[in-house]
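Here the structure comes first, spelled out in structure tokens, and everything after it is commentary.
Indexing begins at 1, ligand by ligand and atom by atom, following the structure's order.
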Amino acid sequence: MDKTILITGATAGFGKACANIFAENGWRLIICGRRENRLNDLRALFPDVDIHVRCLNVCDRKEVNSMLAELPEKYRRIDVLLNNAGLALGLNPAHEADLEDWDTMVDTNIKSLYFLTRAILPGMVQRNSGHIVNMGSVAGTWPYPGGNVYGATKAFVKQFSNNLRTDLLGTQIRVTNIEPGMADTEFSNVRFHGDDKKAEKVYLGTTPLTGPDIAEIVYWVATVPRHVNINALEVMPVCQSWAPFAVHRTTES
Ligand code: NDP
Ligand code: 8X3
């Protein structure tokens, strides 16, 4: 296997599970995240696989640029960019939400994603080969109370992915938006600012998606025949569905 994948947010959840499955299949990996010890632990699990570890904050453009500029020669041809790093912060209604949280979500889920994409795409276009896989969410399509800016960032990811496809028509480059529903990762612990009890309740009595569920899907979209582009893939656990339209009534009769 002579293929390289760059995975952002490989220290936990989907990114970590994706790193595992691609490593198990012999891909060369570039793994990023802020928790370096976790990246090193992951690399140690695969002593026979080429894994380049880079501790970085994806929101810091200088760090991202240095990471790309300093890639060892054999990691320079990136075949798949998995824009996975992301987060939700808070579940308050818009009029009570924390503006700092909104900024962080925009910086991480939107700006870092387009920055990495813009930096890596020219090489892909030059080689006429590559695949951008973005981690969207059902929240990018379906509104829910408290989803406000988080859902809006994922709507950006959805439309950006579709628009990339139109820009890249005529090339062999693929673009995919993965849109998962409820998955038990560190997502809710982060959303509730470390309130693990509150996070646990999100999954109570359910069988949510897991990191490995999503990793299998990402691996599949990255390995379908070259002429096939999975544009978008929405996936929920069986226990999740939609609600009826909510109607506020001022009277009962
Ligand atoms: P986790 O919290 O388990 O993992 C998030 C990953 O993103 C971590 O590796 C974290 O690394 C990384 N990350 C966050 N901010 C930064 C940053 N500034 N710089 C570098 N890395 C960062 O959550 P998930 O695995 O669930 O989330 C992964 C993606 O999937 C996100 O984009 C999320 O929105 C999306 N998603 C999640 C769903 C869910 O229900 N879990 C459903 C739909 C989509 P570190 O903290 O070490 O930097
Ligand atoms: C994560 C899924 O429903 O919590 O994107 O927004 S949800």
Side-chain angles (χ1 to χ4, degrees), residues 6-20 30-42 53-64 67 82-91 101 103-113 115-116 133-158 160-161 177-194 196 198-199 201-203 206-215 217-218 232-237 239-243:
L6 189 163
I7 303 174
T8 64
T11 59
F14 298 160
K16 183 178 173 185
C18 288
N20 276 301
I30 304 161
I31 51 174
C32 313
R34 290 164 300 184
R35 288 169 287 181
E36 193 169 16
N37 56 333
R38 290 192 181 198
L39 297 172
N40 288 328
D41 289 350
L42 210 156
V53 160
R54 186 65 186 239
C55 174
L56 64 76
N57 178 352
V58 285
C59 302
D60 185 326
R61 286 188 185 183
K62 275 195 189 145
E63 278 187 43
V64 173
M67 182 266 288
L82 175 56
N83 279 315
N84 164 76
L87 77 177
L89 289 172
L91 197 57
D101 284 352
D103 281 345
T104 305
M105 288 189 277
V106 167
D107 287 344
T108 315
N109 302 356
I110 296 182
K111 293 174 80 174
S112 80
L113 180 142
F115 186 66
L116 266 150
V133 181
N134 292 327
M135 199 53 75
S137 167
V138 292
T141 306
W142 310 106
Y144 61 82
N148 43 66
V149 165
Y150 175 68
T153 65
K154 294 302 185 179
F156 171 90
V157 174
K158 183 188 184 88
F160 183 57
S161 304
N177 190 36
I178 308 288
E179 304 170 9
M182 182 173 70
D184 190 0
T185 60
E186 293 177 12
F187 178 83
S188 293
N189 310 74
V190 172
R191 169 169 251 172
F192 298 127
H193 296 279
D196 295 342
K198 204 167 170 183
K201 281 193 189 147
V202 174
Y203 310 104
T206 74
T207 306
L209 297 172
T210 64
D213 293 332
I214 298 304
I217 290 167
V218 172
L233 199 155
E234 184 181 277
V235 49
M236 287 178 178
C239 65
Q240 187 176 27
S241 180
W242 304 273

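Remark: ligand 2 atoms within the under-4.0 Å shell around heavy atoms of R191 are 4 (O). Each of the atoms 9 (O) of ligand 1 lies under 4.0 Å from some heavy atom of A10. Taking a cut-off of under 4.0 Å to the non-hydrogen atoms of G136, the atoms of ligand 1 that pass are 43 (C), 44 (C). Every atom of ligand 1 is numbered from 1 in the order shown, and the set under 4.0 Å from a heavy atom of N57 is 17 (C), 18 (N), 19 (N). Short contacts between ligand 1 and M135, defined as distances under 4.0 Å to a heavy atom of the residue, involve ligand atoms 29 (C), 30 (O), 35 (C). Counting atoms of ligand 1 from 1 in the listed order, those under 4.0 Å from a heavy atom of G13 are 3 (O), 25 (O). Using a 4.0 Å cut-off to heavy atoms of L56, the atoms of ligand 1 that qualify are 19 (N), 20 (C). Residue contact check: S137 has heavy atoms under 4.0 Å from atoms 1 (C), 2 (C), 5 (O) of ligand 2. For ligand 2 and Y150, the ligand atoms under 4.0 Å from any heavy atom of the residue are 1 (C), 5 (O), 6 (O). Which parts of ligand 1 touch A12 is read off a 4.0 Å heavy-atom cut-off, strictly below it: atoms 3 (O), 4 (O), 9 (O). Remark: ligand 1 atoms within the under-4.0 Å shell around heavy atoms of T108 are 15 (N). Every atom of ligand 2 with a heavy atom of A139 under 4.0 Å away is listed here by number and element: 6 (O).
With 3.5 Å as the limit, one finds a donor-acceptor pair spanning the side chains of K158 and T141. In the model, D101 has no side-chain atom that pairs as donor or acceptor with a side-chain atom of T104 under 3.5 Å.
For atom 3 (O) of ligand 1, the nearest non-hydrogen atom of the protein is E186 N, 3.0 Å. The closest protein non-hydrogen atom to atom 21 (N) of ligand 1 is A85 CB, 3.8 Å. Closest to atom 5 (C) of ligand 1 among all protein heavy atoms lies G86 O, 3.8 Å. Atom 29 (C) of ligand 1 has its closest protein heavy atom at N84 O, 3.1 Å. Of the protein's non-hydrogen atoms, the one nearest atom 43 (C) of ligand 1 is P180 O, 3.2 Å. Closest to atom 40 (O) of ligand 1, if we only count protein heavy atoms, is A183 N, 3.0 Å. Shortest contact from atom 37 (C) of ligand 1 to any protein heavy atom: F14 CE1, 3.4 Å.
No donor-acceptor pair under 3.5 Å is formed between the side chain of N134 and the backbone N or O of N84. A distance-only check finds a donor-acceptor pair linking the side chain of T8 to the backbone of A85 [under 3.5 Å]. A side-chain donor-acceptor contact under 3.5 Å links Q240 to the backbone of M182. Not one N or O on the side chain of N189 forms a donor-acceptor pair closer than 3.5 Å with the backbone of A199. With S188 contributing its side chain and R191 its backbone, the two residues share no donor-acceptor pair below 3.5 Å. In this structure a side-chain-to-backbone donor-acceptor pair under 3.5 Å is present from T206 to Y203. Looking at D60, its side chain never comes within 3.5 Å of a backbone N or O of N57 through a donor-acceptor pair.
Looking at heavy atoms from C-beta onward, V157 lies out of side-chain contact with T153 at the 4.5 angstrom threshold. Looking at heavy atoms from C-beta onward, N109 lies in side-chain contact with Y150 at the 4.5 angstrom threshold.
In K154, neither the side chain nor the backbone holds a heavy atom less than 4.0 Å from any atom of ligand 2. Counting heavy atoms closer than 4.0 Å to ligand 1, residue V58 contributes atoms from both its backbone and its side chain. At a heavy-atom cutoff of 4.0 Å, ligand 1 is contacted by the side chain of K154 but not by its backbone. Contacts with ligand 1 closer than 4.0 Å are made by no heavy atom of P208, backbone or side chain.
The shortest heavy-atom contact between V64 and V58 is CG2-O, 3.6 Å. C18 approaches I7 most closely through the heavy-atom pair C-CD1, 3.9 Å. Nearest heavy-atom pair, P237 versus G181, reported as atom, atom and distance to 0.1 Å: CD-C, 4.5 Å. When all heavy atoms are compared, the tightest approach of L6 to C32 is CD2-SG, 4.1 Å. Contact record, M135 with P180: SD-CG, 3.9 Å, taken as the closest heavy-atom pair. Among all heavy-atom pairs drawn from A12 and R38, the shortest one is CB-NH1, 3.7 Å.
Considering backbone and side-chain atoms together, T185 places an N or O closer than 3.5 Å to an N or O of ligand 1. Considering backbone and side-chain N/O atoms, G9 comes within less than 3.5 Å of an N/O atom of ligand 1. Here's the thing with M182: none of its N/O atoms is less than 3.5 angstrom from an N/O atom of ligand 1. For ligand 1, none of its N or O atoms has an N or O atom of G33 under 3.5 Å away. Where the criterion is an N or O separation shorter than 3.5 Å, residue side chain and backbone included, Y150 meets it with respect to ligand 1.
Proximity annotation for atom 10 (C) of ligand 1: of D184, T11, I7, N109, T11 comes nearest, heavy atoms only. Taking only non-hydrogen atoms, the option from G181, G211, A88 nearest to atom 42 (C) of ligand 1 is G181. Atom 17 (C) of ligand 1 has its nearest heavy-atom neighbour, among R34, E63, K16, in R34.
Ligand 2 is approached by Y144 to a heavy-atom distance shorter than 4.0 Å.
Salt bridge K154/E234: absent, no basic N to carboxylate O contact under 4.0 Å.
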